[in-house]
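Following: one structure in structure tokens, then a few remarks.
All figures in this text were calculated on a predicted structure; none of them were measured in a lab.
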Amino acid sequence: MGRDTIAEIITSIRNADMNRKGTVRIASTNITENIVKILLREGFIQNVRKHRENQIFFLVLTLQHRRNSKGRYRTVFNLKRISRPGLRIYYNYQRIPRILGGMGIVILSTSQGIMTDREARLERIGGEILCYIW
């Protein structure tokens with residue numbers, strides 16, 4: 001059985017966010033680096049560092065947290081894995097869903113690389129829906 005690296009990234013970030021951790025360490029692959037670049041560009045994470053340990057590369061993400069001492073803690077963002085190895089979900093550019101009326105983003109894997117829903121609509125290409133972030 002293979003590893004689903006995208007699901008591992010999403011689970012690691014979600015768990016760290018719920019437990020109010022400041023940093024997350026994930027394995028570095030081409031897919032994870034592209035997804036993290038999108039998260040950084042869209043403002044969902046603060047910083048990314050590439051760390052090397054015994055010939056293995058890791059990405060260390062610094063998460064953004066709401067600094068609100070009153071009331072209960074609320075997570076900054078939610079992540080949901082859509083397409084998975086057992087069930088791939090593909091959409092053309094016209095049917096790509098809008099998350100919260102455009103407030104959230106959809107990350108797609110297209111023939112031009114990994115990109116957001118806005119970029120895919122501008123380029124008029126569809127692809128595999130990897131995850132929703134809002």
Side-chain angles (χ1 to χ4, degrees):
M1 186 178 270
R3 292 178 31 185
D4 186 8
T5 56
I6 299 169
E8 289 177 6
I9 295 169
I10 290 171
T11 304
S12 298
I13 293 172
R14 187 184 312 121
N15 289 343
D17 190 40
M18 287 190 317
N19 291 326
R20 301 181 192 184
K21 300 286 184 191
T23 60
V24 179
R25 191 174 100 163
I26 57 174
S28 176
T29 63
N30 289 336
I31 294 172
T32 59
E33 286 182 14
N34 290 331
I35 291 174
V36 166
K37 283 179 189 175
I38 290 174
L39 291 175
L40 184 64
R41 186 176 64 225
E42 294 290 327
F44 289 107
I45 58 177
Q46 279 183 344
N47 192 14
V48 179
R49 291 189 327 262
K50 197 165 189 176
H51 182 69
R52 181 176 167 191
E53 190 174 294
N54 297 333
Q55 304 298 332
I56 299 172
F57 287 97
F58 294 98
L59 295 174
V60 179
L61 312 177
T62 305
L63 302 179
Q64 288 195 358
H65 291 288
R66 291 190 179 142
R67 309 252 189 257
N68 187 0
S69 60
K70 297 179 182 175
R72 67 185 196 103
Y73 178 75
R74 296 187 60 187
T75 59
V76 173
F77 58 97
N78 296 312
L79 299 114
K80 183 176 182 185
R81 176 81 159 120
I82 303 300
S83 185
R84 55 186 203 269
L87 179 65
R88 303 285 186 187
I89 308 288
Y90 296 95
Y91 284 124
N92 63 8
Y93 76 95
Q94 297 163 335
R95 295 192 56 220
I96 296 172
R98 294 185 192 274
I99 306 303
L100 294 176
M103 297 282 292
I105 64 169
V106 177
I107 296 181
L108 294 105
S109 176
T110 66
S111 59
Q112 304 293 319
I114 295 177
M115 62 179 63
T116 65
D117 56 338
R118 290 181 212 112
E119 295 168 349
R121 282 190 201 96
L122 286 174
E123 305 233 356
R124 297 181 146 223
I125 53 176
E128 180 184 356
I129 306 289
L130 297 179
C131 61
Y132 295 158
I133 302 171
W134 70 95

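Atom CZ of Arg49 has 12 or fewer heavy atoms from other residues, nucleotides or ligands within 6.0 Å.
For the atom pair Leu79 CG and Ile10 CD1, the distance stands at 5.5 Å (nearest 0.5 Å). Atom CD1 of Ile6 is separated from atom SG of Cys131 by 7.0 Å, given to the nearest 0.5 angstrom. Note that CG of Leu108 and CD1 of Ile89 are 12.0 Å apart. Values are rounded to the nearest 0.5 Å. Here the OG1-CD distance, from Thr5 to Glu8, works out to 6.5 Å after rounding to the nearest 0.5 Å. Atoms OG1 and CD1, on Thr23 and Ile45 in that order, are 12.0 Å from each other to the nearest 0.5 Å. Atom CD1 of Ile129 is separated from atom CD1 of Ile107 by 10.5 Å, given to the nearest 0.5 angstrom.
Placement of Val60 and Val24 in two distinct hydrophobic clusters is found when ILVMFWY residues are connected by side-chain heavy-atom separations under 4.5 Å, directly or transitively. There is no path of hydrophobic side-chain contacts, each under 4.5 Å, that joins Val48 to Phe58. Under the 4.5 Å side-chain heavy-atom criterion for grouping Ile, Leu, Val, Met, Phe, Trp and Tyr, Tyr93 is not connected to Tyr90 through any hydrophobic cluster. The cluster map of Ile, Leu, Val, Met, Phe, Trp and Tyr, joined by side-chain heavy atoms under 4.5 Å apart, puts Leu100 and Val106 in the same cluster.
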CA sep, side-chain torsions, deciding dist, call: Asn78, Trp134, side chain to side chain contact (heavy atoms under 4.5 Å, CB included)
CA-CA 5 Å; Asn78 296 312; Trp134 70 95; 3.1 Å; yes
Before giving the answer on side chain to side chain contact (heavy atoms under 4.5 Å, CB included), spell out for Ile105 and Arg118 the whole-Å C-alpha distance, their side-chain angles and the decisive distance to 0.1 Å.
CA-CA 8 Å; Ile105 64 169; Arg118 290 181 212 112; 3.5 Å; yes
Trace of the side chain to side chain contact (heavy atoms under 4.5 Å, CB included) decision for Met115 with Ile125:
CA-CA 10 Å; Met115 62 179 63; Ile125 53 176; 4.0 Å; yes
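Closest approach of Tyr132 to Pro97, counting heavy atoms only: OH-CG, 3.3 Å. Pairing each heavy atom of Ala120 with each of Ile96, the nearest pair is CB-CD1, 3.9 Å.
Put simply, the side chain of Thr116 never gets that close to the backbone of Ile38: no donor and acceptor are under 3.5 Å apart. In this structure, the side chain of Asp17 does not engage the main chain of Ile13 through any donor-acceptor pair within 3.5 Å. The closest donor-acceptor contact from the side chain of Arg14 to the backbone of Ala16 lies at 3.5 Å or more, if one exists at all. Between the Arg81 side chain and the Leu130 main chain, a donor and an acceptor come within less than 3.5 Å of each other.
The salt bridge (Lys or Arg N to Asp or Glu O under 4.0 Å) contacts involving residues 25-37 comprise Arg25-Glu53, Glu33-Lys50, where partners must be two or more places apart or lie in separate chains. Among residue pairs with one or both ends in residues 120-131, those qualifying as salt bridge (Lys or Arg N to Asp or Glu O under 4.0 Å) are Arg88-Glu128, Asp117-Arg121; sequence neighbours excluded. Screening residues 93-110 for salt bridge (Lys or Arg N to Asp or Glu O under 4.0 Å) gives no qualifying pairs among residues at least two apart or on separate chains.
Using a 4.5 Å heavy-atom cutoff, the side chains of Val36 and Ile26 are in contact.
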